[in-house]
Undergrad: 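Pasting a structure here, questions to come.
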Amino acid sequence: MNKHKVVITGQVLPSALAAIKQQCEIYQWQETTPPQLADLIPWLQQAEGLFVTGNIKVNDTLLAAAPGLKVIVQPAVGYDNIDIKACTSRQIPFGNTPGVLNETTADLAFGLLMTAARRIHESWAWVRDGKWRPGVHFPLGIDLYNKTLGIVGMGAIGAAVAKRAQVSGMKVIYYNRRPRTDQEQLKVEYRTFSELLAEADFIIVLTPLTPESRGLFGAEEFAQMKPTAYLINAARGPVVDSQALYTALVNNEIAYAALDVTDPEPLPADHPLLTLPNILVVPHIGSATIETRNKMAMLAANNLLLGLAGKSLVTCVNTEVNYR
Ligand SMILES: NC(=O)c1ccc[n+]([C@@H]2O[C@H](COP(=O)([O-])OP(=O)(O)OC[C@H]3O[C@@H](n4cnc5c(N)ncnc54)[C@H](O)[C@@H]3O)[C@@H](O)[C@H]2O)c1
Ligand SMILES: O=C(O)[C@H](O)CO
């Protein structure tokens, strides 16, 4: 049997790789630094499937180098690195992995809020550094209960965050491009963006990165927030303007930022944001649990194999070209 030729642009969990290898001949980028387009071109010329990892840009230039592509997949729900129009115009379905990571990413987003508010990471460093002495008390955190959480981008993950916040006694308000029809059931209240900025004690950002959401949080928005407010970004780095965030934190226009995602990513160790006392940064670990990363990898692998067989993907972004 002739095996399908598949290009994989980085690391893939063993379970998914084994499933792909059963039916495909793979060309996998093995270096720790991401490939340049020129590195992939010789492989892409033969490729029928493309499994994207490592935030590779899939655009017209890449697609032009891969005339035989039947399917593209990525083990992530966000797809801001993929030019969907370009895929659709070539009749190539693109599969992402929504749903399977909602609870895990919500845990991390709410965990960042709680860690920052209760200074868990700082107090652990305090103990480890031998500063815990009788009568010497660690600086105090702030309460969550009776506070207001504003969720910007109230989709699948936002709704899972809201449940966690409600258990902690928080009121939840949200901003989306339009109100959700199930907001009463979710016990959340809609606000305009400006209202939310002014009212929230904590803001969690969970929008996709699009031309509209790029730079959604800049100097003007920080000026509208409470000086005691905490900002948590678990969406994509460029939704928050890094320079404006630095200025707002230095000038105490807002109290604190906790970031799972940054711009740029990875954030260099000498980045100005990392010099600040009122910030917590983790390296894009929203979905990074054994169970969830396996589910994401297997869903992406399944989509890939379905697409190669000319069948409908389980989760497809450009459904108009999904196989029937
Ligand atoms: N940190 C991580 O590891 C991690 C993990 C998963 C997802 N994400 C990011 O979170 C995003 C959301 O994931 P999801 O599964 O909840 O998606 P979703 O599509 O279910 O929800 C996104 C919500 O954002 C709203 N929205 C879109 N543009 C907006 C804008 N400009 N202003 C306000 N609201 C806007 C949409 O109406 C929708 O309700 C993903 O696109 C991804 O970028 C990050
Ligand atoms: O969009 C997503 O699913 C995450 O950011 C990937 O880790």
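Residues: numbered from 1 along the sequence shown. One-based numbering, in listed order, for ligands and for the atoms of each.
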Undergrad: Determine whether the side chains of Asp80 and Thr210 contain a donor N or O and an acceptor N or O closer than 3.5 Å.
TA: no

Undergrad: Salt bridge or not between Arg180 and Asp182? Use side-chain N to carboxylate O under 4.0 Å.
TA: yes

Undergrad: Can a donor-acceptor pair be found between the side chains of Asn81 and Gln74 at a distance below 3.5 Å?
TA: yes

Undergrad: Starting from atom 35 (C) of ligand 1, which protein heavy atom do you reach first, and at what distance in Å?
TA: Thr207 CG2, 3.6 Å

Undergrad: Check ligand 1 against Ile157 and write out every atom of the ligand that is under 4.0 Å from a heavy-atom position of the residue.
TA: 6 (C), 7 (C), 13 (O), 14 (P), 15 (O), 16 (O)

Undergrad: On a heavy-atom basis, I'd like to know which of Pro179, Gly155, Ala234 is closest to atom 44 (C) of ligand 1.
TA: Ala234

Undergrad: Do other residues, nucleotides or ligands put more than 12 heavy atoms under 6.0 Å from Tyr256 OH?
TA: yes

Undergrad: Looking only at non-hydrogen atoms, find the nearest pair between Leu144 and Phe202 and report the distance.
TA: CD2-CZ, 3.9 Å

Undergrad: Just jot down the ligand 2 atoms closer than 4.0 angstrom to any heavy atom of Gly78, in number order.
TA: 1 (O), 2 (C), 3 (O)

Undergrad: If you have a sec, work out which protein heavy atom is nearest atom 25 (C) of ligand 1 and how many Å separate them, to one decimal?
TA: Asn176 OD1, 3.7 Å

Undergrad: Would you kindly say whether Asp263 and Ser242 are connected by a side-chain donor-acceptor distance under 3.5 Å?
TA: no

Undergrad: Any atoms of ligand 1 less than 4.0 Å from a non-hydrogen atom of Met154? List them with their elements.
TA: 39 (O)

Undergrad: Could you tell me the residue and atom name of the protein heavy atom closest to atom 6 (C) of ligand 2, and the distance to it rounded to 0.1 Å?
TA: Ala76 CB, 3.8 Å

Undergrad: Starting from atom 1 (N) of ligand 1, which protein heavy atom do you reach first, and at what distance in Å?
TA: Asp260 OD2, 2.7 Å

Undergrad: Out of curiosity, is Ser287 lining ligand 2, as in a heavy atom under 4.0 Å away?
TA: yes

Undergrad: Does ligand 1 have any atom that is closer than 4.0 Å to a heavy atom of Thr210?
TA: no

Undergrad: Could you go through Glu265 and His284, starting from their C-alpha distance and side-chain angles, then the distance that decides it, and tell me whether this counts as side-chain hydrogen bond (donor to acceptor under 3.5 Å, both in side chains)?
TA: CA-CA 9 Å; Glu265 213 168 275; His284 202 145; 2.6 Å; yes

Undergrad: List every atom of ligand 1 that sits less than 4.0 Å from any heavy atom of Thr105, numbering the atoms from 1 in the order shown and giving each element.
TA: 4 (C), 5 (C), 6 (C)

Undergrad: Indicate the ring-plane relationship of Phe222 and Phe217, choosing parallel, tilted or perpendicular according to the 30° and 60° boundaries.
TA: tilted

Undergrad: Do NZ/NE/NH1/NH2 and the carboxylate oxygens of Glu48 and Lys70 come within less than 4.0 Å?
TA: yes

Undergrad: I need the nearest protein heavy-atom contact for atom 1 (O) of ligand 2: residue, atom name and distance, please.
TA: Arg236 NH2, 2.7 Å

Undergrad: Atom 27 (C) of ligand 1: which of Ser213, Gly158, Pro208, Gly237 has the nearest heavy atom?
TA: Pro208

Undergrad: Are any of the N or O atoms of Pro75 closer than 3.5 Å to those of ligand 2?
TA: no

Undergrad: Surrounding NZ of Lys226 (heavy atoms of other residues, nucleotides or ligands, distance under 6.0 Å), is the total greater than 12?
TA: yes

Undergrad: So for atom NZ, which belongs to Lys85, do other residues, nucleotides or ligands contribute more than 12 heavy atoms lying within a distance under 6.0 Å?
TA: no

Undergrad: If we only consider heavy atoms of Pro98, is any one of them less than 4.0 Å away from an atom in ligand 1?
TA: no

Undergrad: Could you label the plane-to-plane angle of the Tyr190 and Tyr175 rings as parallel, tilted or perpendicular, counting under 30° as parallel and over 60° as perpendicular?
TA: tilted

Undergrad: List ligand 2 atoms under 4.0 Å from Leu101, heavy atoms only on the residue side.
TA: 3 (O)

Undergrad: Looking just at side-chain N and O atoms, do Gln46 and Tyr27 make a donor-acceptor pair shorter than 3.5 Å?
TA: no

Undergrad: Got an N/O contact under 3.5 Å between Asn102 and ligand 1?
TA: no

Undergrad: So which protein heavy atom does atom 2 (C) of ligand 2 come closest to, and at what separation?
TA: Val77 N, 3.4 Å

Undergrad: When you measure from atom 43 (O) of ligand 1 to each heavy atom in Arg236, Arg180, His284, Arg214, which option holds the nearest one?
TA: Arg236

Undergrad: Which residue and atom name correspond to the protein heavy atom nearest atom 7 (C) of ligand 1, and how close is it?
TA: Val77 CG1, 3.3 Å

Undergrad: After noting the C-alpha distance and the side-chain angles of Lys171 and Glu199, does the key distance pass the salt bridge (Lys or Arg N to Asp or Glu O under 4.0 Å) rule?
TA: CA-CA 11 Å; Lys171 171 178 172 182; Glu199 191 177 336; 3.5 Å; yes

Undergrad: Has ligand 1 got any nitrogen or oxygen that is less than 3.5 angstrom from a nitrogen or oxygen of Ala156?
TA: yes

Undergrad: Can you find a protein heavy atom closer to atom 17 (O) of ligand 1 than 4.0 Å?
TA: no

Undergrad: Note the single closest protein heavy atom to atom 12 (C) of ligand 1, along with its residue, its atom name and the distance in Å.
TA: Leu206 O, 3.3 Å

Undergrad: Does the pair Thr315 and Asn303 meet the rule for a side-chain hydrogen bond (donor to acceptor under 3.5 Å, both in side chains), with working shown?
TA: CA-CA 7 Å; Thr315 47; Asn303 277 334; 2.9 Å; yes

Undergrad: Check each of Gly99, Ser287, Ala235 against atom 9 (C) of ligand 1 and report the one with the nearest heavy atom.
TA: Ala235

Undergrad: Is it the case that more than 12 heavy atoms not belonging to Glu184 sit under 6.0 Å from its CD atom?
TA: no

Undergrad: Using a strict cut-off of less than 4.0 Å between a Lys/Arg side-chain nitrogen and an Asp/Glu carboxylate oxygen, indicate whether Arg191 and Glu189 qualify as a salt bridge.
TA: yes

Undergrad: From the options His284, Met296, Arg293, select the one whose nearest heavy atom is closest to atom 5 (O) of ligand 2.
TA: His284

Undergrad: Can you tell me which residue and heavy atom of the protein come closest to atom 28 (N) of ligand 1, and the distance to 0.1 Å?
TA: Arg177 NE, 3.5 Å

Undergrad: Counting only heavy atoms, which portion of Val261 has something under 4.0 Å from ligand 2: side chain, backbone, both, or neither?
TA: neither

Undergrad: Is atom 32 (N) of ligand 1 touching the protein, meaning some protein heavy atom lies under 4.0 Å away?
TA: yes

Undergrad: Which atoms of ligand 1 are found less than 4.0 Å from any heavy atom of Tyr175?
TA: 32 (N), 33 (C)

